[in-house]
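Working notes for the structure below.
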Amino acid sequence: MCGIIGYAGDKQAAPLLLEGLTNLEYRGYDSSGIAVLNDGDISMKKAKGRLKNLFELTGGGNALKGTTGIGHTRWATHGEPNDVNSHPHLSGSGQFAVVHNGIIENYLDIREFLIQKGYKFRSQTDTETVVQLLDYYYKGDIFEAIGKTINKLTGSYALGILSVHENGKFYAVRKDSPLVIGLGEGENFIASDIPAVLKHTRRFILPEDKDVVVVTSSSVDIFDMNRESVTREPYTVDWDIEAAAKDGYPHYMLKEIFEQPKALEQTMGTRLFGDTVRLEGEKYAKGEPNPALKAKDGFRLTERDLENLNKIFIIACGSSYHAGMIGKYFIESTCRVPVEIDLASEFRYRRPILDKHSLTVVISQSGETADTIAALREAKRLGSRTLGIVNVIGSTIAREADDVLYTFAGPEMAVATTKGYTTQVTVLQLLGLYIAEKKGTISAEKNARYLAEIAALPDVIRGILGNQTQLQQLASEYFGGDKAFFIGRGMDYALSLEGALKLKEISYVHAECYAAGELKHGTISLIEENSLVIACATGSELFDKTLSNVKEVVSRGATVIALVTKNSSGMEKEAKHVITMPAMSDETVPCAAAVALQLFAYYVAAQRGCDIDKPRNLAKAVTVE
Ligand code: F6R
C-alpha cells in the first residue's frame with residue numbers, strides 16, 4: 001500500500017509534497033514523511049499518525065527548504081507504525097533518501113548481506129535495505145547503483161530516490177507497483193496515483209517495469225535497464241480536479257455514493273446502444289490501441305472464440321469479488337456457460353484447471369491489488385484468455401490483461417468502494433448480455449428488458465438517493481448496536497455480502513452475512529432477542545423462501561430490516577422496517593439496492609463518529625499479499 005510522491009520544479013517542494021500526500025492518504029495513513037534536497041543536503045521530517053501531524057511538525061512544509069523532494073504516506077507492513085519506520089529512509093552515510101511503495105520479499109537476505117559488510121540498520125522495514133544497498137553499490141555513478149540495486153531486489157516497488165550528489169534532480173523506478181509521472185510547466189512530478197498531482201497537470205506518463213526515470217524541473221528522461229533512452233508516450237486524463245475533491249460533501253464516500261448515477265452513465269455511455277451492447281471499443285474498432293495505455297478499452301469475441309469458450313473464471317478480492325458474484329449468477333443464467341468464481345488469494349494457490357478455452361475475468365477497481373495481479377498472471381500462464389474489469393486507467397491489471405473493460409467510474413478516493421462496485425456490476429452485466437446475444441442464449445425480449453432496466457439504473461439510483469431519509473432514520477435508530485446479520489439468497493446473497501462488508505469496514509459493527517438457507521445449519525443459534533437482521537429479498541423468485549427465513553429469525557426475537565421490491569408482499573407483516581426498491585427484474589435490482597445498503601452503512605458510521613474515508617487498518621489499494 002502506501003503512497004509516494006516526488007517533485008522537481010521552481011517552487012518550494014515541501015508544501016507541494018504535503019498537498020499531494022493529502023490526496024494519497026487513502027493509500028495508507030499510519031505515518032508520513034518528506035525529504036527535500038537543498039544544495040547537496042537532504043533535510044527530512046517524519047511523523048507517526050495522520051498526515052496532519054506532519055503538517056503541524058513542518059509548519060505546512062515551511063520548515064524544509066528546497067525545490068526538489070520526495071514524500072510518503074505509509075500503511076505499515078514491516079515494522080510498527082512509528083517515526084523510525086516511516087519513510088523516507090536515509091542510507092547510513094546520508095547520501096541517499098528513498099520512499100517506497102511495495103514489498104521487498106528478499107529484504108532479510110539483503111539486510112544480512114549488508115550487515116556483513118558493516119552496515120547498521122535503524123528501522124525494521126524492508127525499504128531501508130534498498131537505500132543501504134544503493135549506498136553500497138554507489139561508486140560515483142548513480143545509474144549503476146540503481147541498476148545493481150534493482151537487480152538484487154525480489155518483490156514489488158515504486159521508488160523515489162534523492163541523492164546528495166544530484167542537485168535539482170530525483171530518480172524513480174517501479175516494478176509491479178503503481179507509479180505515474182506528471183508533466184508540468186517548469187515542474188515535474190511522480191506519484192502513486194493521478195489525483196495526487198491532478199491540480200498541477202493532466203499530462204501523464206506511465207513508466208514500464210524497471211524503467212529508470214530521471215526527473216528535473218525541465219525534463220523527464222527515461223532509460224531502460226541497458227541504459228538506453230526510451231520513449232513512453234504521454235497521455236492526457238480528462239478528469240477535472242473536482243472529480244478528486246470532496247466538493248462540499250463531508251466525506252468522499254458520500255460524494256462517491258451520490259456520483260453513482262453519473263458514473264453508471266459513463267460506464268454505459270460507449271457500450272449500450274438501445275437493445276445492443278458493443279464492447280469492442282476503439283481497441284478493436286480502430287486497430288492498434290494507444291501504446292501509452294497498452295490495453296485500451298475493448299473486448300471482442302469472434303465466432304471461433306465463442307465455439308471454443310467452455311468456462312469463465314471470475315477472480316477478485318473484497319467488494320470486487322462481491323460484484324463478481326452477481327456477475328457469475330447473471331452470466332450463467334443468460335449465457336449458459338459455467339462460471340467459477342474465486343477470491344484471488346485462493347485462486348492463485350489452488351492449482352486451478354483452466355486452459356486456452358477459458359476466459360478469466362479479473363475485477364479490480366484499483367487495478368493494483370497484489371493477489372488479483374498474481375491470479376491474472378497465473379491464468380495467463382495456464383493459457384487462459386484474460387479480461388480485466390478495472391477502474392484506474394493504465395493500472396497494472398489494465399496493462400497486463402489481454403483486454404480491458406474500464407468501469408469509467410472516475411477517481412474513487414474513499415477506502416470503501418461504492419461507485420467502483422456498482423460500475424463493476426454493470427460492466428459484468430453488459431458482458432453477460434454481449435456474450436448471451438452472440439451465443440443466442442437469450443431471447444430478444446429478455447435482452448431488451450434487461451438493457452432497458454440497466455439503462456434506467458442511473459435514474460432509479462437518483463430516486464433512491466433522493467429518498468435517503470428513511471435510511472438515515474434507520475441508521476439513527478440502530479447505530480448503537482454491536483452486531484448485525486445480513487441474509488439473502490441468490491443474487492440477494494451476493495448483495496448481502498456487500499452490505500455486510502460496507503457496514504463492518506466503516507462502522508466497525510460486527511456485520512456478518514449468511515446465505516439465508518444456511519441459517520438453520522448453525523448460525524441461527526446466534527439469533528437472540530433484538531438481534532438485528534438485514535434481510536435482502538429483492539428477488540421475486542426466491543422471495544417466499546427468504547420470507548420464511550425472516551419468520552424464523554423474527555420468532556426467535558430478531559428485529560428485521562428488509563429490502564424488497566415494490567411488487568412483493570407479506571414482508572411488512574414480519575419485518576419491523578421495509579425498504580422498498582422500484583419494481584425491476586431480479587437480476588437488475590441488486591445494483592440499485594446496493595446503494596441503499598451503502599447509505600445505511602455510511603449513516604451508521606457517521607452516527608458512530610467513525611473516520612469514514614479512512615477506516616482503521618485499511619488502505620485503498622492492497623498491493624501486498
Ligand atoms: C471494500 C473494498 C475492498 C476492495 C478490495 C479489492 O469496500 O473497497 O474490499 O474491493 O480491496 O480492491 P480492488 O477492487 O482495487 O482490487
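Along the sequence shown, residues carry numbers from 1. Counting starts at 1 for both ligands and their atoms, following the listed order.
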For His322, ring-ring contact (aromatic ring centres under 6.0 Å, His included) partners two or more places apart: none
Return the closest protein heavy atom for atom 12 (O) of ligand 1 as residue, atom name and distance. Thr369 OG1, 3.5 Å
Nearest non-hydrogen protein atom, atom 6 (C) of ligand 1: Cys317 O, 3.4 Å
Any idea how Tyr249 and Phe258 line up, ring-wise: parallel (<30°), tilted (30 to 60°), or perpendicular (>60°)? tilted
For Ser320, take its heavy atoms, then give the atoms of ligand 1 lying under 4.0 Å from any of them. 10 (O), 13 (P), 14 (O)
Look at atom 15 (O) of ligand 1 and say which protein heavy atom is nearest, naming residue and atom and giving the distance to 0.1 Å. Ser366 OG, 2.7 Å
Has Lys380 got more than 12 heavy atoms of other residues, nucleotides or ligands less than 6.0 Å from its NZ? yes
Using a strict 4.0 Å cut-off to heavy atoms of Ala416, name the atoms of ligand 1 that fall inside it. 7 (O)
Do Leu465 and Pro261 have side chains that approach each other closer than 4.5 Å (heavy atoms only, starting at C-beta)? yes
Please list, in number order, the atoms of ligand 1 under 4.0 Å from a heavy atom of Thr417. 2 (C), 7 (O), 8 (O)
Can you tell which of Ile315, Thr386, Leu431, Asp403 makes a side-chain contact (heavy atoms from CB on, under 4.5 Å) with Val361? Leu431
Give me the ring orientation class for Phe204 and Tyr235: parallel if the planes are under 30° apart, tilted from 30 to 60°, perpendicular past 60°. tilted
Are any of the N/O atoms in Ser364 less than 3.5 Å from those in ligand 1? yes
Below 4.0 Å from any atom of ligand 1, is there a heavy atom belonging to Val415? yes
Where's the contact between Lys502 and ligand 1, heavy-atom distance under 4.0 Å: side chain, backbone, both or neither? side chain
Measure from NZ or CZ of Arg608 to the centre of the six-membered ring of Tyr508, then state whether that distance is under 6.0 Å and the direction lies within 45° of the axis. no
Heavy atom of the protein closest to atom 7 (O) of ligand 1 (residue, atom name, distance): Glu505 OE2, 2.5 Å
Identity and distance of the protein heavy atom lying nearest atom 11 (O) of ligand 1: Val622 CG2, 4.0 Å
Is the His100 to Tyr107 ring centre distance short of 6.0 Å? no
Closest protein heavy atom to atom 4 (C) of ligand 1, given as residue, atom name and distance to 0.1 Å: Ser319 N, 4.0 Å
